[in-house]
Amino acid sequence: MLLALTVAFLFPITQILCPPFGDEGTLLYGAQRVSEGAVPGRDFVEMIGPGSFYWLGLFFKLFGAGWQVSRLYLLFTGVATTGLLYAIARQVCHESEAVLLWLFVLVMGIPLWPVVSHHWDSNLFAILAFWCYLKLEKTDHPGWAAAAGSLAGITTCFMQQKGFLLLLAFAASAVVRRLWPRVDSPSPIPPEMRSPPASKRVGWSALWLLAGSYAAVGIVVVGAFWQAGALRDLLYANLVWPLSGYNDINLVTYAEGLKPTAMGPSLQIFGPKWAAAELVCKGLSVIPFMVIAILPLLSVMRLAEALFAHSKRLVWSPWLAVMLAGAGLWLSEIHRKDMFHLAVGSPLLLVALLGNKRSISQNGMRTALTGALAVALVAFGSLNFTAYVGGAHPVETRRGTVMTGVDDAALRFLSTAIKEREFVFIYPYCPIYYYLADIRNPTRYSVLLYGYNTPAQFDEVIRNLEEKRVRYVLDAAGYGDDPRRWFPAY
């Protein structure tokens with residue numbers, strides 16, 4: 001039932017080409033190039049990890065690089081992520097809380113920004129890795145240790161900090177669980193906070209398997225790029241570059257975009273006569289965003305309550321493992337503190353929060369709070385769904401028919417006046433045009449911004465334009481006319 005509802009809700013939304021045209025174009029065009037034999041680092045330089053290019057590139061290689069393939073890829077990512085999180089929630093929550101978590105992730109996940117993104121891709125592999133780790137905690141089977149470590153390593157290929165922090169969370173959970181005191185006597189501690197028998201605890205060999213399988217993925221990836229002659233540029237793009245100017249350009253206030261994201265969509269089916277109803281829906285829509293914004297504080301309070309409430313007889317539990325992994329996931333997205341990144345980093349902490357079966361007694365207050373959150377999620381989901389789907393119209397491109405609410409004269413020009421595979425440089429940043437119009441970037445860079453790219457990279461781009469005698473340069477900012485709208489520190 002939940003699977004059918006997930007597909008029914010996400011399918012229409014994932015069909016839409018949504019502005020702003022940012023990272024999605026980078027990933028689509030990069031994956032297309034990878035499917036044709038290009039190598040990240042050697043043939044194009046992107047700060048995004050190579051995992052997304054190869055993962056989506058595999059789909060393009062198998063099914064073609066059409067627009068519909070990318071949409072089904074996004075739908076698969078959303079459905080699989082939502083299903084895995086529900087499965088994890090069922091291990092530490094009552095069924096009603098697990099369903100609420102499912103609704104939260106369904107509405108506040110991919111529909112917030114329905115684009116192909118390394119954030120969604122890395123979350124899928126990170127959550128799959130954590131699901132395997134929970135299997136390890138239950139069985140102590142070495143196969144689950146190898147699977148969890150390998151998947152954390154693969155997650156690192158998408159977002160470096162996410163996979164590494166996840167591995168640290170696994171290691172911390174395994175070590176503390178091994179050393180945690182065992183309670184054999186009858187205990188009033190709820191079942192979800194009881195430790196398993198000693199025979200079911202994670203052993204030291206499993207810990208080494210976790211680290212070893214993670215390292216093995218890294219060795220294979222480094223070796224492959226070294227053999228392709230791309231390792232130096234790949235390390236620069238994925239390690240040196242992010243630690244230099246990236247954070248400066250991404251400085252935003254905490255929870256940036258909360259109000260416009262929550263209250264921006266319009267429920268068009270109401271019409272002018274129902275303005276008051278629309279206002280109520282928009283007011284309710286703020287509630288889930290406020291939960292995400294204060295989630296770190298709520299999580300700390302929840303952890304403190306668990307520690308102090310059972311300080312004498314506290315034992316290890318899947319819930320505490322969820323809390324550790326959730327903290328790692330949240331920290332991996334804090335490099336840009338806007339609402340989108342906070343939402344992407346929140347799902348496991350939400351599982352831990354909803355797994356609190358005792359902080360609010362089983363009475364009317366708990367029912368009222370969870371009910372209000374559910375109503376708020378339905379309100380925002382309805383607003384967002386109508387805003388995306390209601391204003392979309394078909395646009396023909398060389399990648400197939402695209403549904404979008406944007407009337408894009410630049411795309412029409414590129415698709416009709418420019419020959420396929422011709423060199424065109426999109427400046428400063430809107431690589432979605434390379435993919436949709438089936439044209440080629442004459443440089444290794446899909447973005448060229450002052451203070452972000454180096455003077456040497458500007459020189460390389462100018463040299464490429466001259467050597468390849470590029471006829472057209474399109475002035476198109478993927479985030480609007482003024483980059484400072486999205487990058488205030490630029």
Side-chain angles (χ1 to χ4, degrees), residues 21-77 115-125 150-151 153-160 162-163 217-239 241-242 397-400 420-426 429-447 457 460 464 468 478:
F21 306 131
D23 291 344
E24 181 170 34
T26 299
L27 291 170
L28 289 172
Y29 183 55
Q32 174 204 324
R33 297 183 69 177
V34 164
S35 70
E36 297 169 349
V39 177
R42 185 188 68 191
D43 301 308
F44 61 93
V45 180
E46 300 292 352
M47 192 179 296
I48 296 171
S52 288
F53 299 118
Y54 281 97
W55 179 231
L56 177 55
L58 175 62
F59 283 74
F60 282 170
K61 190 73 172 178
L62 294 174
F63 308 111
W67 174 253
Q68 280 304 315
V69 174
S70 74
R71 297 307 92 189
L72 292 176
Y73 169 90
L74 180 59
L75 177 65
F76 166 77
T77 302
V115 299
V116 172
S117 170
H118 55 300
H119 295 281
W120 303 132
D121 295 340
S122 59
N123 262 18
L124 171 60
F125 281 89
S150 298
L151 287 165
I154 293 173
T155 303
T156 304
C157 297
F158 291 86
M159 287 186 66
Q160 299 79 19
K162 186 170 292 186
V217 171
I219 291 170
V220 170
V221 171
V222 168
F225 279 94
W226 175 79
Q227 188 174 23
L231 183 59
R232 181 177 179 181
D233 281 336
L234 183 77
L235 292 176
Y236 168 78
N238 291 172
L239 292 177
W241 199 357
T397 75
R398 288 172 177 157
R399 296 294 174 187
E420 293 182 34
R421 314 299 286 182
E422 182 175 343
F423 285 124
V424 177
F425 186 54
I426 313 298
Y429 179 57
C430 196
I432 190 72
Y433 291 138
Y434 294 125
Y435 170 74
L436 290 178
D438 196 13
I439 55 180
R440 290 190 295 166
N441 183 352
T443 77
R444 296 194 300 161
Y445 306 95
S446 67
V447 56
Q457 290 169 349
E460 180 184 341
N464 292 152
K468 297 176 181 177

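Since the structure is predicted, the reported quantities are computational estimates derived from the model, not experimental observations.
- Looking at Y445 and N464, their side chains never bring a donor and an acceptor atom within 3.5 Å of each other.
- Side-chain contact check for V34 versus P40: some heavy-atom pair is nearer than 4.5 Å.
- Under the 4.5 Å side-chain criterion, counting only non-hydrogen atoms from C-beta, M159 is not in contact with I48.
- Using a 4.0 Å cut-off between charged side-chain N and carboxylate O, R440 and E36 make no salt bridge.
- The pair R444-E460 meets the salt-bridge criterion, since a charged nitrogen lies less than 4.0 angstrom from a carboxylate oxygen.
- A search for salt bridge (Lys or Arg N to Asp or Glu O under 4.0 Å) contacts involving R33 returns nothing, not counting sequence neighbours.
- Between the CZ atom of F44 and the OG1 atom of T443 there is a distance of 12.0 Å, given to the nearest 0.5 Å.
- Aromatic ring orientation, F125 versus F158: parallel (interplanar angle below 30°, classes split at 30° and 60°).
- Rounding to the nearest 0.5 Å gives a distance of 13.0 Å between OG of S35 and CZ of F59.
- At a threshold of 4.5 Å between non-hydrogen side-chain atoms, the residues F60 and L56 count as touching.
- From Q160, atom CD reaches atom CG of L239 across 6.0 Å, with rounding to the nearest 0.5 Å.
- Taking 4.5 Å as the limit, some side-chain heavy atom of P50 sits within range of a side-chain heavy atom of L234.
- The side chain to side chain donor-acceptor pair (under 3.5 Å) contacts involving residues 52-67 comprise S52-D121, where partners must be two or more places apart or lie in separate chains.
- For the atom pair W226 CH2 and I219 CD1, the distance stands at 14.0 Å (nearest 0.5 Å).
- No side-chain heavy atom of L235 sits under 4.5 Å from any side-chain heavy atom of F225.
- No side-chain heavy atom of L74 sits under 4.5 Å from any side-chain heavy atom of V115.
- Between the side chain of Y29 and the backbone N or O of D438 there is no donor-acceptor pair closer than 3.5 Å.
- Residues Y429 and D23 are in side-chain contact: their nearest non-hydrogen atoms beyond the backbone lie under 4.5 Å apart.
- Applying the side chain to side chain donor-acceptor pair (under 3.5 Å) test to pairs two or more places apart or on separate chains, those with a residue in residues 41-50 are E46-S446.
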